[in-house]
2 protein chains.
Amino acid sequence: MKIPPIAITRLSVYARNLELLDQKGVEVVSSGRLADACGVNPAQIRKDLAYFGQFGVRGVGYYVKELSLEIRRILSLDKTWRLCVVGVGNLGSALLRHAQFIDGSYTFVAAFDRKPKRIGARIGGIEVSPIEAILDVVKNTGVEIGVIAVKPKSAQEAADMLVKAGVRGILNFAPIQLQCPAKVFIENVDFGLKLEVLYYKLTAASSRPHRRHMKAGQVIVPKPKEPPNKSFLV
Amino acid sequence: MKIPPIAITRLSVYARNLELLDQKGVEVVSSGRLADACGVNPAQIRKDLAYFGQFGVRGVGYYVKELSLEIRRILSLDKTWRLCVVGVGNLGSALLRHAQFIDGSYTFVAAFDRKPKRIGARIGGIEVSPIEAILDVVKNTGVEIGVIAVKPKSAQEAADMLVKAGVRGILNFAPIQLQCPAKVFIENVDFGLKLEVLYYKLTAASSRPHRRHMKAGQVIVPKPKEPPNKSFLV
DNA sequence: GTATGTGAAACCGTTCACAGCA
DNA sequence: TGCTGTGAACGGTTTCACATAC
């Protein structure tokens, strides 16, 4: 069966909201209620889940704990993934330090940088190694995913080294499109792109306003029927 | 005319690649060449541009400098947007410090935090103010976009304060869906979501491999005809 | 009665294919 | 001739609507 790529991102969102519901003590939830929480259509949730199995009870809904677990299994959130980061500048260090306080699905096991004065430093409990060590360290420590947090100019080189060392996935924070063999999966996190989308929206909204003034006697419509904002899916 | 939302993100990508071409001294580019650089279909570029006007010359292509300028104008990259950040922990400070080295379309004019010991510190040249100051400072300094870099628990509160203070756009790094009035535009940067998509892909790829072994006498296909990876479009 | 699971329909975005123009 | 601009065809995703099951 063909699974729309965006459905995977939605599963992550469902998982998050299910955890929140569980924390609140909610035991059963319908696709309608979960859809409200996630900002999507109820049928979409049922379709997305249907790609992977049947998790609900007709006439009842979904058991929160159970569904949460199922989705976590689908997304492999039930293991601890081993990551390394290349580049411990502002962003790289922030990621390392952030991870140390998160009890999550991943852990950093190595960090690399090119600048000699950064080598040997400990950031977020991880010692920084020279980039030449990538090949050995990645292999020896079983790193599965490499995080690229270097400047755009060095990003492709970092990717090449990570691929050579055997990582199977790359999370790329540099604003360039990496070239990698198809067997290596790449996800990009690009806040510059998001910012530029914001610029456009702000500009478009103020240059062509479509909110009309009310005329006397005009009735206030109870629900403006705003379509849900789905920008979180990127 | 209805413009597909992702088209805006692609325009950003086109702009980046046009700048690279310009730096290389390329003066004219066809949709085909630009498409190769951007990893999209040539017709897509022409369609995306057609939403905003006619920028090319038939039989020739697009003048790099000119098109670059046009797109920058469409995205309002030709002004300096005024940003503030709420939360100067690992991520918030990294953003402030990063911005100070970028000669770009934005500048941070204020930073806020709740923790008393962070107040008054200077990060990336910006002094940190208490969150209670948001209302005044945002109004007085003309902040247009607020960046949320606080913990998920405080993110909605930060958003409320920013909205009250009059920002028109929010760049949200917290992994929750913010509730805001429709007039305020929100873009989310959520590396956790990206990471979880990677988990899924890595798991799916190894649990059901589709690369078959070659049989004797089998012909090597010259181009495997891989569809372009569009994950950069968030 | 109520909510899931799922074909069918509607919708939206992408790509094709070619007319139009330098 | 070569490449843009664009209607039409295509393919994928979302939503509807209802049969199904508790």
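Only heavy atoms go into these numbers, but all of them, side chains included; no hydrogens, no water, no symmetry mates. Throughout, protein chains are lettered first and strands after them, A, B, ... in sequence-line order, and every chain is numbered starting at 1.
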With the criterion being N/O to N/O and under 3.5 Å, what pairs connect the protein with nucleotides 7-11 of chain D, and how long is each?
residue : atom : partner : partner atom : Å
D:dG7   : O6   : B:K47   : NZ           : 3.0
D:dA8   : N6   : B:K47   : NZ           : 3.3

Looking at every heavy atom in both [X] and [Y], which two are closest together, and how far apart are they?
{"X": "B:F108", "Y": "B:Y106", "result": "CE1-CE1, 3.8 Å"}
{"X": "B:Y199", "Y": "B:T203", "result": "O-OG1, 2.7 Å"}
{"X": "B:G146", "Y": "B:L162", "result": "CA-CD1, 4.0 Å"}

For atom [atom1] of [X] and atom [atom2] of [N], their distance in whole Å:
{"X": "A:Y63", "N": "C:dA3", "atom1": "OH", "atom2": "C1'", "answer": "12 Å"}
{"X": "A:D48", "N": "C:dG5", "atom1": "CG", "atom2": "C1'", "answer": "13 Å"}
{"X": "B:F52", "N": "D:dG5", "atom1": "CZ", "atom2": "P", "answer": "14 Å"}
{"X": "B:I6", "N": "C:dT15", "atom1": "CD1", "atom2": "C1'", "answer": "14 Å"}
{"X": "B:D36", "N": "D:dC3", "atom1": "CG", "atom2": "C1'", "answer": "14 Å"}
{"X": "B:E70", "N": "D:dG5", "atom1": "CD", "atom2": "C1'", "answer": "16 Å"}
{"X": "B:L49", "N": "D:dT4", "atom1": "CG", "atom2": "P", "answer": "10 Å"}
{"X": "B:M1", "N": "C:dG13", "atom1": "CE", "atom2": "C1'", "answer": "14 Å"}

Among [options], which nucleotide sits nearest the side chain of [X]?
{"X": "B:N41", "options": "C:dT15, C:dC18, D:dT13", "value": "C:dT15"}
{"X": "B:R10", "options": "C:dT14, D:dT4, D:dT6", "value": "C:dT14"}
{"X": "B:Y51", "options": "C:dT4, C:dT14, D:dT14", "value": "C:dT14"}
{"X": "A:R46", "options": "D:dT15, D:dC3, C:dG5", "value": "C:dG5"}

Does a side-chain heavy-atom distance below 4.5 Å link A:R46 with A:Y62?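 Yes, close enough: below the 4.5 Å cut-off.
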
For DNA chain C, what residues of residues 15-27 of chain B have any heavy atom nearer than 4.0 Å?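 Output list: empty, so none.
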
Got a sec, which residues hit salt bridge (charged side-chain N to carboxylate O under 4.0 Å, His left out) with A:E19, two or more places apart in sequence or on another chain? A:R72

Residues at least two apart in sequence or cross-chain that pass salt bridge (charged side-chain N to carboxylate O under 4.0 Å, His left out) with B:K79, listed by chain then number, are B:E144

Give a yes or no answer on whether the side chain of B:K65 reaches the backbone of B:D22 with a donor-acceptor pair at less than 3.5 Å.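 No: the side chain of B:K65 does not pair with the backbone of B:D22.
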
Could you go through residues 147-158 of chain B and list every donor-acceptor pair under 3.5 Å that involves a side-chain atom there, pairing it with any protein atom two or more places apart or in another chain?
residue : atom : partner : partner atom : Å
B:Q156  : OE1  : B:Q179  : N            : 2.9
B:Q156  : NE2  : B:D160  : OD1          : 2.9
B:Q156  : NE2  : B:Q179  : O            : 2.9
B:E157  : OE1  : B:R114  : NH2          : 2.9
B:E157  : OE2  : B:R114  : NH2          : 2.8

Are OP1 or OP2 of [N] and a side-chain N or O of [X] less than 4.0 angstrom apart?
{"X": "A:S30", "N": "C:dA3", "answer": "no"}
{"X": "B:S31", "N": "D:dC3", "answer": "no"}
{"X": "A:Q44", "N": "D:dT15", "answer": "yes"}

With 3.5 Å as the limit, what N/O pairs link the protein to nucleotides 19-22 of chain D?
residue : atom : partner : partner atom : Å
D:dT20  : O2   : A:R58   : NH1          : 2.6

Roughly how far, to the nearest 0.5 Å, is the CG atom of A:L193 from the CZ atom of B:R16?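 The distance works out to 4.5 Å.
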
Stepwise side-chain contact (heavy atoms from CB on, under 4.5 Å) test for A:S76 and B:L202: CA-CA 9 Å; A:S76 290; B:L202 296 190; over 6 Å; no

Crowded around B:Y63 OH? As in, over 12 foreign heavy atoms under 6.0 Å? no

Lys/Arg-Asp/Glu bridge criterion (N-O < 4.0 Å) met for B:D78, B:R73: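 Judged by the 4.0 Å cut-off on N to carboxylate O distance, B:D78 and B:R73 do not form a salt bridge.
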
